[in-house]
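First up is the structure itself, then whatever we jot down about it.
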Amino acid sequence: MNSGEEVPEDVREIVERVRELQAIPQDYFPETITELKDKYQDLWKEETKIGLVYGGATKIKQYVFESAKLPDIRGASALLDQINLIDLPAFFGREPTLCDIYPDSPDCQEARNWYQQVRQWLDTCSLENANHPKFSEVLIPELIIYSTGGNILAFCPAAFVDDLANAIEKRYTERTLTANSCAVGEKFRLLELRFGILRDENQPWLDWYLRQDVHTNPLVEAYFGSSRDKQTKQNKTLQQLTQAFQDRKNFNELAGKLAALFQQRRNGNEGLGINRSSRRYPPMYETHPYLIRDENEHRSAVIREDKLPGRPYLSESLRRQRIIGDKAKKEQESQWYQDTEIDKNWEPGFVESWVSKFKQFLLDSGSWQDYYLGIPENRVMEAKRLEEIGKASRSDQIFPKQNLLKYSITSSNGFVGYISADVNNMGGYIQKQIKTPQQYQQFSQDVLQVMESAVYTALAAHLNPRRLENLTEPESINRNGKIVHPFEILAIGGDDILLIVPADKALEITQTIGSEFEKQLAQVRNGLYGLPETHDDKSVHRYQVENVKSSRCKLSISVGVLITDYKTPIYYAQGLYGQLLKSAKEQAKSLKDSDNYYGGTVDILTMKSVTMISSKVKEFREQGLTKEIRSSKFKRYAAPYTLYELGGLIEAVKALKVSDFPRSQLYQIRSLLEQGKETAILNYRYFRTRLKSREQKNILKTYFEEPWCQAKTNNGNIAPWMFREKAYETIWQDFVDLYPFIDETDMASANKKPVTTEANS
């Protein structure tokens, strides 16, 4: 066909139908179902169908965080990434991306060998149905719509729908033993790819939806959207109602049906109109009351691994996680498992390290020297445990002497920062803007590429290799003096991120990730995701300076940041930063509905002791940090913040540190916040007048009072308070909490430039 040759007789009729489908004008939409049937009779009667399969891992957090140790968590995440990003695309004949970009790299041959093994395994699944050809003969890369974020959506021949869905579920169970997965499929007519689900000529259509008693029905509104405009609170016009119907009746409706089937199947429901048993390959693990158990989920141990620190007992599932986690670090000591006789048929396969991708980013972006600062790359290792990230400190023994003034000699003091991010408004954008398989494919690729680039840009901008010092745990004590990459990337999915970084750079990395994501995505595909220049959201921000920046992208990210001691149990930390992320997303949704704000939001919690919070974060703030005095509500916190406000908060804390503001007065002012507005304002002004340095007073005025505490009715300020939504708030609590975790030496810069102030010049 591509070369202009005649189409074979066997498929000529199908090709004609496809060409007819592609010839339908993009702006065409029939008012009645009869019009559609009469105009495209051949496509309406077409019995040829195409399969659509959707599947992936479920209960991911339950699987990844079932262990309390970072090496096991890393391995569980890497094992899922291997299946999601390498194995499932290999089903369709797509080689690992590494081989396309860097065909001569050392890892490329290993990746190709693993690709061939996956294809051979897939063909063994085909043997279960002797009437079908092998999967490798019918699945091609062009069938993949997207395969990121832990899920895959792809076309396939209609006869293979159930078999392919079974193979996807089987792959997860055979590789992980205990991870949950689910896959579903459905067959659709070609015309449905353009106009959504079609049943018969009696199907309700646009003429039915436009009736007043129909589009105002709650059930109809739940499917097509509210019949009232959110901004004006008035009934939608005829044009708006028509657009809402068209936004629903397209390929997106097919994907929505598969998503509903996916939820029903993962819940264990029978039926669903398919000839498949419920959860054909559920994770099963045999046990026995008198066998030795592993240290994780108390599953039956199969080996005591003498070559690992602590000589742990490992079950087979935990052993696989530990192997994959160590293999991802690309270090020689990760070969401890090769001499054992346990399950010789199971191979770890090709695992691509996030640090390897980060190194390639440094080369491609020209940031190699700025990151390594002359340190030989082969001397820098990957951090293995949380203690190594928390106690990795900068040292004058690492950096050249000419750079000593450029970088601070600080330490995380055993604290780490968990950064959990998620894209806002993904569902709403897909429902309104994504209408074809090609748009789905482009959109998923764009978001993933920009997400990875934003993370690597932030890490390169704010981190450098650090030396390990004062390690005390038995597993790490022999690594004192080593130089490491001071971060851990646990996941960069289709729309989410999970990082662990040193506490002293957590907020700056977060702010850069959010701003870079919006900046880079707005420039993709000639501004496809950008907002018009007329868009203005300055009034949303509580941080007010002369040049307030407005969001310029239709999509943004919300982030939950938890700063805590590295000894905090990971499962406990996961619950907290998950709550912070949820809070940030709720704030983003609220601001979008009320103020048309499209930018990102961040919620922060600094936890200096494990027992600091025994309930939900929201309850802790409402009960412990909120008080009503004489019918006025006072909140001794200001989170969540917009991304722009976060930048202002970071600069304010840096300014306090540069000015050597007395720590004792920070705590005293915080303690007086409980006594209400007038008392806190009076005492703040008293302490301010007692400052000996004019520079200290000017810094407070420039970075705190004027941008954060402006009065609503005059040109003064109500420091340390600010007023929003019938309540008084303050960022002073965050001043105190974040003071030890903000590095002031690169003040007013994201590029590590030397600070020049009168105080230190």
Side-chain angles (χ1 to χ4, degrees), residues 413 415 503 507 542-543 561-565 576 580 603-641 645 648-693 696-697 699-701 703-711 716-724 726-742 744:
N413 297 319
F415 281 77
L507 293 188
R542 295 164 291 178
Y543 177 64
V561 182
L562 174 67
I563 296 176
T564 185
D565 191 286
L576 290 177
L580 296 173
D603 202 350
I604 309 164
L605 178 65
T606 303
M607 190 172 66
K608 297 181 180 179
S609 106
V610 176
T611 59
M612 176 178 166
I613 296 179
S614 58
S615 60
K616 302 291 185 181
V617 173
K618 184 177 181 180
E619 295 177 1
F620 167 73
R621 287 172 172 170
E622 291 178 349
Q623 298 174 10
L625 299 178
T626 304
K627 192 173 184 179
E628 287 195 16
I629 302 176
R630 294 189 296 274
S631 72
S632 295
K633 180 179 288 188
F634 295 90
K635 298 179 179 179
R636 301 198 305 279
Y637 65 96
Y641 298 92
E645 290 172 348
L649 176 65
I650 294 171
E651 290 298 307
V653 178
K654 288 181 179 180
L656 285 177
K657 298 190 75 170
V658 168
S659 67
D660 292 327
F661 191 89
R663 292 283 295 274
S664 60
Q665 292 187 16
L666 278 176
Y667 290 104
Q668 284 181 307
I669 293 174
R670 182 185 65 171
S671 66
L672 293 168
L673 295 174
E674 299 182 13
Q675 300 183 25
K677 182 179 66 173
E678 292 82 1
T679 303
I681 292 176
L682 181 62
N683 282 276
Y684 169 79
R685 294 188 180 278
Y686 169 72
F687 284 119
R688 185 182 182 279
T689 57
R690 292 187 60 191
L691 293 176
K692 297 179 181 180
S693 169
Q696 290 177 327
K697 298 178 181 179
I699 285 179
L700 272 179
K701 179 180 179 181
Y703 290 92
F704 176 58
E705 296 173 8
E706 292 181 350
W708 285 101
C709 305
Q710 294 180 3
N717 67 78
I718 56 173
W721 298 102
M722 54 188 174
F723 188 77
R724 183 179 70 165
K726 301 180 181 180
Y728 290 93
E729 302 172 329
T730 180
I731 64 172
W732 202 268
Q733 178 74 41
D734 287 327
F735 274 1
V736 177
D737 291 342
L738 297 174
Y739 196 92
F741 305 112
I742 297 292
E744 75 278 13

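Predicted model, so just to flag it, every value in this text is computed and none were measured. Positions are given from 1, in the same order as the sequence printed here.
- Closest of all the heavy-atom pairs between Glu645 and Arg542 is OE2-N, 2.6 Å.
- In this structure, Leu672 and Leu682 have side chains that are not in contact, with every pair of non-hydrogen atoms separated by 4.5 Å or more.
- Here Asp734 pairs with Tyr641 under the side-chain hydrogen bond (donor to acceptor under 3.5 Å, both in side chains) rule; sequence neighbours left out.
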**Request:** Apply side-chain contact (heavy atoms from CB on, under 4.5 Å) to the pair Ile629 and Lys677, showing each step before the final yes or no.
**Result:** CA-CA 9 Å; Ile629 302 176; Lys677 182 179 66 173; over 6 Å; no
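- Expressed to the nearest 0.5 Å, how far NZ of Lys616 lies from CD of Glu622 amounts to 13.0 Å.
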**Request:** Verify side-chain contact (heavy atoms from CB on, under 4.5 Å) between Glu706 and Asn717, making sure each step is shown before the conclusion.
**Result:** CA-CA 7 Å; Glu706 292 181 350; Asn717 67 78; over 6 Å; no
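- Residues Phe735 and Leu649 come closest through the heavy atom pair CE1-CD1, 4.1 Å.
- Judged purely by atom type and a 3.5 angstrom limit, Lys657 uses its side chain to pair as donor or acceptor with the backbone of Tyr739.
- With hydrogens and angles ignored, the 3.5 Å screen pairs a side-chain donor or acceptor of Trp732 with a backbone N or O of Leu666.
- Note that CG of Leu656 and CD of Gln696 are 9.5 Å apart. Values are rounded to the nearest 0.5 Å.
- By the 4.5 Å heavy-atom criterion applied to side chains, Tyr684 and Leu700 are counted as neighbours.
- When the side chain to side chain contact (heavy atoms under 4.5 Å, CB included) test is applied to Arg636, the partners found at least two apart in sequence or on another chain are Leu625, Leu673, Glu674.
- Lys635 is not listed as a side-chain neighbour of Arg621, based on a closest heavy-atom distance of 4.5 Å or more.
- When all heavy atoms of Pro720 and Cys709 are compared, the closest pair comes out as C-SG, 4.1 Å.
- Relative orientation of the Tyr728 and Phe634 rings is parallel, given thresholds of 30° and 60° on the angle between their planes.
- To the nearest 0.5 Å, atoms CD (Gln675) and NZ (Lys627) are separated by 8.0 Å.
- With a 4.5 Å cut-off on side-chain heavy atoms, Ile718 and Ile681 count as touching.
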**Prompt:** What's the verdict on side-chain contact (heavy atoms from CB on, under 4.5 Å) for Leu691 and Gln665, showing C-alpha distance, side-chain angles and the deciding distance?
**Reply:** CA-CA 10 Å; Leu691 293 176; Gln665 292 187 16; 3.8 Å; yes
**Prompt:** Is there a side-chain contact (heavy atoms from CB on, under 4.5 Å) between Ile604 and Asp737 once you walk through the steps?
**Reply:** CA-CA 10 Å; Ile604 309 164; Asp737 291 342; over 6 Å; no
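- Each of Tyr703, Trp708, Phe704 was checked for a ring pair (Phe, Tyr, Trp, His ring centres under 6.0 Å) with Tyr543, and the lone residue meeting it is Trp708.
- Within the 4.5 Å cutoff, side-chain heavy atoms of Pro740 are placed close to those of Arg663.
- Note that the CD1 atom of Ile742 and the CG atom of Leu507 stand 4.5 Å from one another [nearest 0.5 Å].
- Taking OH of Tyr637 as the start and CD of Glu729 as the end, the distance is 7.5 Å to the nearest 0.5 Å.
- Contact of the Gln668 side chain with the Asn683 side chain is not registered, since no non-hydrogen atoms from C-beta on lie closer than 4.5 Å.
- Remark: side-chain polar atoms of Thr606 are not paired, donor with acceptor, to backbone N or O of Leu738 under 3.5 angstrom.
- Taking 4.5 Å as the limit, every side-chain heavy atom of Glu651 sits out of range of all side-chain heavy atoms of Pro707.
- Under a 3.5 Å cut-off, the side chain of Thr626 and the backbone N or O of Gln623 do not form any donor-acceptor pair.
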